Trainee: 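The structure's right below; bear with me while I get my questions together.
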Amino acid sequence: MAEEAAQQPLAFVAETVLKKRKSTEALALTRKAQLELGKYGHGQKNKKSKVEDIKRPEQFIKQFRDQELDLIRMKQRGKRSKKVIGKPKSKLLFIIRIQGTSDMHPKTKKILYNLRLRRIFSGVFVRATDGMLEVLQKVEPYVTYGYPNLANVKELIYKKGYATVDRQRIPLTDNNIIEQTLGKYGIICIEDIVHEIANVGPHFKEVINFLGPLTLNKPEGGLLGKKQPFKDGGEAGNREEEINELISKMN
C-alpha cells in the first residue's frame with residue numbers, strides 16, 4: 001500500500017495558479033504588516049494634554065455660532081427641489097469624506113456617521129437612489145461623490161478592502177473568510193464581492209455590511225479646501241463620472 005501511494009503521480013497545478021497563489025500570499029503579508037503598523041488609523045494616540053489645547057471662552061462662542069450656521073445651511077440645502085438635485089444616473093455611488101468637524105453641527109455629524117464616514121478621506125459604496133441624493137445634499141460641504149466605473153470598484157476593493165469580523169479588521173486576502181460569512185448568498189471570493197457591488201446585486205447590503213469603510217490616501221497636492229460644489233469650482237458635492245479621476249489619485 002505504501003509503495004502504491006509513493007508511485008501515484010503528483011497532481012498537476014497550472015503555472016498561472018501557482019503565480020496567483022504566490023502573489024496572494026505576498027499581498028496578505030503586506031496588508032498584515034500595514035495593519036500592525038497602524039496605517040489605517042489604529043496607531044496609538046498621544047494622550048498627553050497640552051496647555052495650548054485648552055479652549056478659551058471666545059473659541060467656544062465661535063464654535064457654537066459656526067455649528068448653528070452649519071445647521072441653518074443644512075436645512076436650506078435639504079429644501080432643494082428634486083429638479084435641482086436631479087435623478088441618479090447609475091445604480092452605484094461612491095462617497096468620500098473630504099472635510100473635518102470643527103464647525104460641524106451634531107446633526108450633520110450624525111448623518112456622516114450613519115453613512116459610516118467617521119474619518120476624513122474615508123469612502124463608502126452606497127446604492128444610488130433619490131433618497132440617498134437628498135441625504136447627501138444635507139452634508140454636501142463635507143463630502144464628494146459620483147459614479148465609479150468597474151475598474152475603480154475593483155481597484156478599491158483589492159487595494160483598500162477589508163472585512164469586519166467580530167469587530168476586527170481582516171484584509172481580503174483569504175477567500176475562506178469571505179465564504180464563511182457570505183457563502184450562504186453565493187459569494188465566496190473577492191471577484192464575487194466586486195461583481196455584487198459593481199452591479200448593485202440582490203445582496204449588496206450584506207456585502208457592504210461585511211466590508212468596512214475604505215481608507216483612502218490624501219491626493220497628491222491635496223484638495224483646494226473649498227466647500228463650494230464641484231460644479232462651481234469647489235471640491236464638494238456631485239462629480240458624477242469625474243469622481244473616477246479623484247479615486248485614481250487617492251487609491
Side-chain angles (χ1 to χ4, degrees), residues 40-41 62-149 151-153 155-156 160 197 200 208 211-251:
Y40 297 100
K62 183 180 184 304
Q63 183 180 13
F64 174 78
R65 289 175 176 173
D66 289 342
Q67 289 181 351
E68 288 301 305
L69 181 60
D70 179 62
L71 178 62
I72 293 170
R73 289 174 175 172
M74 183 186 74
K75 291 180 178 180
Q76 291 174 343
R77 291 191 299 270
K79 294 179 181 179
R80 290 175 180 171
S81 66
K82 293 184 178 181
K83 185 176 181 180
V84 173
I85 298 172
K87 291 283 185 179
K89 296 182 179 180
S90 177
K91 295 187 293 183
L92 181 67
L93 275 174
F94 187 68
I95 313 170
I96 304 172
R97 181 171 170 179
I98 58 173
Q99 292 288 349
T101 60
S102 60
D103 58 350
M104 186 186 299
H105 192 274
K107 289 187 178 180
T108 307
K109 185 184 294 185
K110 183 178 180 180
I111 295 173
L112 290 174
Y113 276 32
N114 289 339
L115 292 170
R116 302 194 300 167
L117 296 171
R118 293 174 173 264
R119 293 190 177 99
I120 298 176
F121 300 142
S122 58
V124 293
F125 294 103
V126 298
R127 193 186 301 269
T129 62
D130 293 340
M132 179 56 66
L133 290 180
E134 290 177 10
V135 169
L136 291 174
Q137 297 300 305
K138 297 180 180 179
V139 294
E140 185 181 64
Y142 304 97
V143 298
T144 187
Y145 54 93
Y147 309 112
N149 56 36
N152 273 327
V153 171
E155 286 289 315
L156 282 168
K160 305 295 185 181
I197 290 178
V200 191
I208 292 303
L211 290 176
L214 308 180
T215 303
L216 307 178
N217 301 321
K218 183 178 180 179
E220 188 175 348
L223 297 173
L224 298 176
K226 296 180 179 180
K227 293 184 179 180
Q228 287 84 3
F230 179 73
K231 62 182 181 179
D232 296 334
E235 297 284 3
N238 194 354
R239 296 178 180 236
E240 298 188 354
E241 286 77 15
E242 291 188 55
I243 192 67
N244 290 290
E245 184 178 349
L246 181 61
I247 292 173
S248 297
K249 293 179 179 178
M250 301 180 73
N251 194 6

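Position 1 is the first residue of the sequence; numbering continues from there. Small disclaimer: the values here were computed from a predicted structure and weren't measured.
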Trainee: How far apart are the closest heavy atoms of Glu235 and Arg239, and which atoms are they?
Mentor: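 It is OE1-NH2, 2.6 Å.
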Trainee: Please answer whether the main-chain N or O of Ser248 pairs with a side-chain N or O of Asn251 as donor and acceptor at a distance below 3.5 Å.
Mentor: no
Trainee: Ignoring hydrogens, what is the shortest heavy-atom contact between Arg116 and Pro213? Give both atom names and the distance.
Mentor: O-CG, 3.4 Å
Trainee: Roughly how far, to the nearest 0.5 Å, is the CG atom of Leu136 from the CD1 atom of Ile111?
Mentor: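 CG of Leu136 is found 9.5 Å from CD1 of Ile111.
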Trainee: Please report, to 0.1 Å, the donor-acceptor pairs under 3.5 Å made by any side chain of residues 125-132, with sequence neighbours excluded.
Mentor:
from: Thr129; atom 1: OG1; to: Met132; atom 2: N; distance (Å): 3.1
from: Asp130; atom 1: OD2; to: Lys87; atom 2: NZ; distance (Å): 3.0

Trainee: Go through the steps for Ile243 and Ile96 under the test side chain to side chain contact (heavy atoms under 4.5 Å, CB included), then give the verdict.
Mentor: CA-CA 9 Å; Ile243 192 67; Ile96 304 172; 4.2 Å; yes
Trainee: Hey, what do you get for CE (Met250) to CG (Asn152), rounding to the nearest 0.5 Å?
Mentor: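 Reported value, rounded in 0.5 Å steps: 12.0 Å.
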Trainee: Kindly compute the distance separating CD1 (Ile98) from CD1 (Ile120), expressed to the nearest 0.5 Å.
Mentor: 9.5 Å
Trainee: Take Leu93 and Leu133 through the test side chain to side chain contact (heavy atoms under 4.5 Å, CB included) and record every step on the way to the result.
Mentor: CA-CA 10 Å; Leu93 275 174; Leu133 290 180; 3.9 Å; yes
Trainee: Tell me which one of Asn149, Leu214, Val153 satisfies side-chain contact (heavy atoms from CB on, under 4.5 Å) with Phe94.
Mentor: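 Of the listed options, the one satisfying the test is Leu214.
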Trainee: Is any side-chain heavy atom of Ile208 closer than 4.5 Å to a side-chain heavy atom of Val124?
Mentor: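 Ile208 does not reach Val124 side chain to side chain.
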Trainee: In Å and rounded to the nearest 0.5 Å, what is the NZ to CD1 distance from Lys160 to Ile247?
Mentor: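 One finds 12.5 Å between NZ of Lys160 and CD1 of Ile247.
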Trainee: Whether the side chain of Thr144 engages the backbone of Gly237 through a donor-acceptor N/O pair (distance < 3.5 Å, no angle test) should be reported.
Mentor: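 Yes; judged by distance alone, with no hydrogens or angles, the pair exists.
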Trainee: Using the six-membered ring of Phe121, assess whether NZ or CZ of Arg97 lies under 6.0 Å from its centre and within 45 degrees of the ring axis.
Mentor: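 No; the conditions do not both hold, so Arg97 does not lie above the ring face of Phe121.
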Trainee: Considering only heavy atoms from C-beta outward, does the side chain of Asn244 approach that of Pro148 to under 4.5 Å?
Mentor: yes
Trainee: Got a donor-acceptor contact below 3.5 angstrom from the Arg118 side chain to the Asn114 backbone?
Mentor: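 Checked: no pair found.
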Trainee: I would like to know whether Ser122 and Leu216 meet side chain to side chain contact (heavy atoms under 4.5 Å, CB included); could you show each step before the answer?
Mentor: CA-CA 6 Å; Ser122 58; Leu216 307 178; over 6 Å; no
Trainee: Name all residues meeting the side chain to side chain contact (heavy atoms under 4.5 Å, CB included) criterion together with Gln137; count only those two or more places apart in sequence or in a different chain, and write none if there are none.
Mentor: Arg80, Ile85, Glu140, Tyr145
Trainee: How would you list, by chain and number, every residue that makes a side chain to side chain contact (heavy atoms under 4.5 Å, CB included) with Lys89, sequence neighbours excluded?
Mentor: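 Partners of Lys89 by the side chain to side chain contact (heavy atoms under 4.5 Å, CB included) criterion, ordered by chain and then number, come out as Tyr147, Glu240.
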Trainee: I'd like to know whether Leu112 forms a side chain to side chain contact (heavy atoms under 4.5 Å, CB included) with Val143, so could you lay out the CA-CA distance, the side-chain angles of the two residues, the decisive distance to 0.1 Å, and finally the verdict.
Mentor: CA-CA 9 Å; Leu112 290 174; Val143 298; 3.7 Å; yes
